[in-house]
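What follows is a set of notes on a single structure, which appears directly below.
Convention: sequence-line order gives letters A, B, ...; per-chain numbering from 1. All values below were derived from every heavy atom in this structure, side-chain atoms included, with hydrogens, water molecules and symmetry-related copies excluded.
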Amino acid sequence: MKVAKLARLDLDPETIERTTEQLAGMLEHFADIDALDLRDVQPMNQPYPLVNVFREDIIVAGLDRTEVLAAAPDADDGRFRVPPILGLDS
Amino acid sequence: MSQDTSNSQAAVSQGTTGSMIYSAGPVTGNEILIDGWELIVGLEVHVELATLTKLFSASANRFGDEPNTNIDPVTLGLPGALPVLNRHAVELAMRIGLALNCTIQPSTFHRKNYFYPDMPKAYQISQYDQPINIDGFLALPGGKRIGVERAHLEEDTGKSTHLGGSGGRIHGSDYSLIDFNRAGVPLVEIVSRPDIRTAEEARQYVTELRSILVAIGASDAKMEEGSMRCDANVSVHKPGTPYGTRCEIKNVNSIRSLGRAIEYEARRQIDMNAAGETVRQETRHWDENDGRTHTLRSKEDADDYRYFLEPDLVPLAPSKEWIQAVRDAMPMLPGARRARLSEATSIAADAEAIMVVVERGQDDYVLAVATAGGDVGRALVHVKEAFADLGPTPSVPAADLAGLTLLEVAGTITATQAKTVLADIVAAGGGNAAAIAASKGFEAMDTGALEAMVDQVIADNAVAWAKYCGGEDKAMGALVGAAMKASQGKADGKLVTALLQAKRLA
């Protein structure tokens, strides 16, 4: 509920009930994992056996501003225009 | 340590609304603040790294460009875009770690999820439980060590401009405009331990950190351009009791503001405690105009950010060889430069002259004057006083300044005359001190001539002399002044003083 509020998701009671059931099912599955003895298993940070993948510090031209802003819901003065960041809740 | 209760009373007055008004007057140097409270400060400093490109994409990292001209699919979080780590950014982060005496360790990247529009992906890539640099310290010029808990890599966010409503503040604005040029710029966040006890120590920490970052080429560290930003965690407690609830102060845009904000916030918390109120953990916004901090938002829990490992990046694990290569390429740090100059001059490493000369990068030059046979102590004073505009490699040949210091040390010219000669040398970008001194008629008066002149001064200034003999030491000034005038500035003031003292005793 807290994350939904932070994300400004307007959830109706039916959705809340359905989502709660689904999340409960997922948490039960984690409980199954908790029941296993995994003391000797290393956490898997990545599926790939790779470290240190880099690019060099060289500038490559990016995207055109006019094209990008044309795809945005709203733009003004070369910038993306968005609704007020604080205060919608109240 | 004395308790400064007078400050406490002076700092609080009643506002028109009946609420407390706090002034941010100086409490500098008092480790124990008002009524036995002790200030506890930890600093989080964000620095933008001096790379050409962003942390995870090849758009330019450049301040001041037209909005949204340095953007690409990774910056904008477009579907399918994948981040690739900038090797040079990692190297600069390693330099910072080494300069701050940290351990460089294998590290990972996490997603920090949140809901502001300044990151189009709705998360910032940062380092969480395995940062690249841990457990270091920064030594203040006076020697105190401030612990550095971690210095980790992360990406900067876009720049929001809040418009309409109440003039530029995030609260009450009608809408915001976003520029993503800064989004994805490499940052290192340097988190200190809560070892700072005064606003002055906080200022020293940030000043020293900035000097180090510039010296190692990691950042231009300009607070006014936002390439170095500082948040302060401030709490108060009575020594021997647990630390109080802390508030995080944001929007501190200069080293001066940092000191003011910490002093204000400490007073606010102490006065709340004194009034029986509870300090809430929250983020507060420093307002430079009214000199106060204001509630911005309640502090998020780490849970709210739902950190998880960034699946699009592999771990970072610099090899021993790479770390050693970075270490070998490190320049001498400001602290080591001050120590070297301190040893050469037998002056304290945090003395003003040494601080100033090292900050200007002129310490190599001072030592070159010594190598050229000059007096290093006089060279330090002259460089500090007269070389402010000459940069790290002054045009004046070191041998010329060496010659001047030798004339002084030999007593051939006085300190006052040396300044005059030096002004000519600086103006001309060099010159033979002895020749310039001679052309001005500066030559040492022999002792006999000097004594005769002092006797004449005494005869001509009988009233002042009588007062001086009667124990009025202030009268000495008039006598020395008269001697300098009579000798047209050639007399050595110290010698004149010594002669007058000897004659009074005789």
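Ring-centre distance between F109(B) and Y307(B): not below the 6.0 Å cut-off.
Distance alone, capped at 3.5 Å, is enough to place a donor-acceptor pair between the R284(B) side chain and the T293(B) backbone. Proximity of a side-chain donor or acceptor of K54(B) to a complementary backbone N or O of A183(B) within less than 3.5 Å is detected. N181(B) places a side-chain N or O within donor-acceptor distance of the main-chain N or O of E66(B), the cut-off being under 3.5 Å.
With a threshold of 4.5 angstrom between heavy atoms, L313(B) approaches chain A through N, CA, C or O but not through any side-chain atom. Looking at E310(B), the atoms closer than 4.5 Å to chain A (heavy atoms on both sides) all sit in the backbone: N, CA, C or O. For chain A, the nearby part of T108(B) is the side chain; its heavy atoms alone come within less than 4.5 Å. Within the 4.5 angstrom heavy-atom criterion, no atom of K159(B) approaches chain A. Interface remark: T75(B) contributes no atoms to any contact with chain A (heavy atom separation under 4.5 Å). The contact between P311(B) and chain A is made entirely by backbone atoms, counting heavy-atom distances below 4.5 Å. For F180(B), the part lying near chain A is the side chain, with the backbone staying farther off; criterion is any non-hydrogen pair under 4.5 Å. Interface residue P73(B): backbone and side-chain heavy atoms are both found under 4.5 Å from chain A. For L52(B), the parts lying near chain A are the backbone and the side chain together; criterion is any non-hydrogen pair under 4.5 Å. Contacts between V90(B) and chain A at a heavy-atom distance below 4.5 Å involve the side chain alone, from C-beta outward. For L55(B), the part lying under 4.5 angstrom from a heavy atom of chain A is the backbone only. Only the backbone of I58(A) has a heavy atom closer than 4.5 Å to any heavy atom of chain B.
D118(B) and S160(B) form no side-chain donor-acceptor contact under 3.5 Å, judged by distance and modelled atom types alone. Using modelled atom types and a 3.5 Å distance limit, the side chains of S107(B) and Q127(B) yield a donor-acceptor pair. Under 3.5 Å, the side chains of D57(A) and T53(B) contain a donor-acceptor pair of N or O atoms.
Taking chain A as the reference chain and counting heavy-atom pairs below 4.5 Å, the highest number among D72(B), D179(B), L177(B) is found for L177(B). Interface check for chain A: of the options T51(B), N70(B), N113(B), L78(B), the most heavy-atom pairs under 4.5 Å are formed by T51(B).
The environment of Q22(A) atom CD is dense: over 12 non-hydrogen atoms of other residues, nucleotides or ligands sit within 6.0 angstrom.
Side chains of R79(A) and T161(B) form a contact here, defined as non-hydrogen atoms less than 4.5 Å apart.
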